[in-house]
Structures are given as structure tokens and as C-alpha cells.
Amino acid sequence: MSVSGLPPYDPANIFARILRGEIPCKRVHEDEFALAFHDINPLAPSHVLVIPKGAYVSAADFHAGATTEEIAGFWRAVSLVAKSLGLEATGYRLLANMGLHSGQEVPHFHVHILGGWPLGRMVSPPA
Ligand code: AMP
């Protein structure tokens with residue numbers, strides 16, 4: 001079990017396959033620490049996912065297991081990508097789902113960058 005209570009890392013998850021180049025993505029940025037690409041089902045005019053290069057299930061796993069260099073490099077890439085998308089002036093939202101109650105679909109840590117219009121309330125109450 002991972003540190004976040006999720007199952008161990010599954011190397012067959014879709015983002016691992018994108019990292020290995022087995023399936024395509026609309027790449028925005030890539031460096032030693034991170035890959036950023038457009039979400040396949042965008043929820044805002046700008047909706048980009050940033051993933052670390054390493055095999056981490058969740059934010060908790062990443063922050064517990066990654067090196068300081070990996071963590072710094074990853075978060076620096078998140079900010080660089082948001083800037084490159086032109087979102088700094090109007091603002092944007094960073095979001096990371098983790099585990100069951102968040103509805104995390106892909107078990108490879110990722111940060112959503114959302115922006116391009118007013119994003120409304122941060123969360124909605126359960127239906
Ligand atoms: P989460 O619910 O936080 O795990 O978000 C997973 C996100 O990955 C969703 O917003 C999906 O639309 C997105 N997604 C799933 N498969 C792909 C893919 N092949 N390329 C880009 N985005 C994807």
C-alpha cells in the first residue's frame with residue numbers, strides 16, 4: 001500500500017504509458033522532473049496536467065518519497081507551465097486529487113492547472 005492508502009504504483013496506468021511514449025499526449029512542457037500536457041477532457045479553457053517523471057501514486061507518496069530536487073523541480077515546472085499558458089495575470093487554480101473521496105482517476109500523481117475563465121466555487125457539496 002502506498003503512503004496515501006492507495007494501492008501500490010501500477011506501471012500500467014495511463015500516465016506511466018504517456019511517460020514511456022506508448023500513447024500520445026498534447027505536450028506543453030517537458031524537463032528532467034516533469035511532463036505537462038493538455039487534459040483530454042478539459043474543464044476550463046486552459047486545463048493542463050503536470051506529472052512528475054518518477055513513479056508516485058499520489059501527492060502524499062511524492063512528498064514522502066521523492067528527493068528534494070525532484071520536489072523542487074516539479075513545483076517549479078508547475079509554475080513555469082502556468083506562466084507559459086498566460087494565466088498569471090488573471091489567475092488560475094492548482095488541484096491535486098488523492099484517493100477515494102477526491103475521485104482520483106489516474107494513480108500517478110498529477111497537478112491540474114485550470115484557468116482561462118472565472119472558476120467558481122472551489123468545491124460543491126455532495127449531491
Ligand atoms: P484525476 O481525477 O485527478 O485523477 O484526473 C485525471 C485526469 O486525467 C482527468 O481530468 C482526465 O480527463 C485526464 N486524462 C485521462 N486520460 C488522459 C489522457 N490520455 N490524456 C490526457 N488526459 C487524460
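The model shown is predicted, which means the values in this text are computed figures rather than measured ones. Below, each value reflects all heavy atoms present in this structure, side chains not excepted, and no hydrogens, waters or symmetry copies. Note that ligands are numbered from 1 as they come in the structure, with each ligand's atoms numbered from 1 the same way.
Y9 is linked by a side-chain hydrogen bond (donor to acceptor under 3.5 Å, both in side chains) to N13, H108, counting only residues two or more places apart in sequence or in another chain.
A donor-acceptor contact under 3.5 angstrom links the side chains of H47 and H112, judged on distance only.
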May I have a table of the N/O to N/O pairs between ligand 1 and the protein that fall below 3.5 Å, each row giving the two atom names and the distance to 0.1 Å?
unit_1: ligand 1; atom_1: 2 (O); unit_2: G103; atom_2: O; d: 3.4
unit_1: ligand 1; atom_1: 2 (O); unit_2: E105; atom_2: N; d: 3.3
unit_1: ligand 1; atom_1: 3 (O); unit_2: N97; atom_2: ND2; d: 2.9
unit_1: ligand 1; atom_1: 3 (O); unit_2: H110; atom_2: NE2; d: 2.8
unit_1: ligand 1; atom_1: 3 (O); unit_2: H112; atom_2: NE2; d: 2.8
unit_1: ligand 1; atom_1: 4 (O); unit_2: E105; atom_2: N; d: 2.7
unit_1: ligand 1; atom_1: 4 (O); unit_2: V106; atom_2: N; d: 3.0
unit_1: ligand 1; atom_1: 4 (O); unit_2: H110; atom_2: NE2; d: 3.0
unit_1: ligand 1; atom_1: 5 (O); unit_2: H110; atom_2: NE2; d: 3.2
unit_1: ligand 1; atom_1: 5 (O); unit_2: H112; atom_2: NE2; d: 3.3
unit_1: ligand 1; atom_1: 10 (O); unit_2: D39; atom_2: OD1; d: 3.3
unit_1: ligand 1; atom_1: 10 (O); unit_2: D39; atom_2: OD2; d: 2.5
unit_1: ligand 1; atom_1: 12 (O); unit_2: D39; atom_2: OD1; d: 2.6
unit_1: ligand 1; atom_1: 22 (N); unit_2: I40; atom_2: N; d: 3.1

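Between F37 and I18 there is a side-chain heavy-atom pair separated by less than 4.5 Å. At least one side-chain heavy atom of Q104 sits under 4.5 Å from a side-chain heavy atom of L6. The shortest distance between side-chain heavy atoms of V48 and D39 does not fall below 4.5 Å.
One finds the CZ atom of F15 at 8.5 Å from the CD atom of E105 (value rounded to the nearest 0.5 Å).
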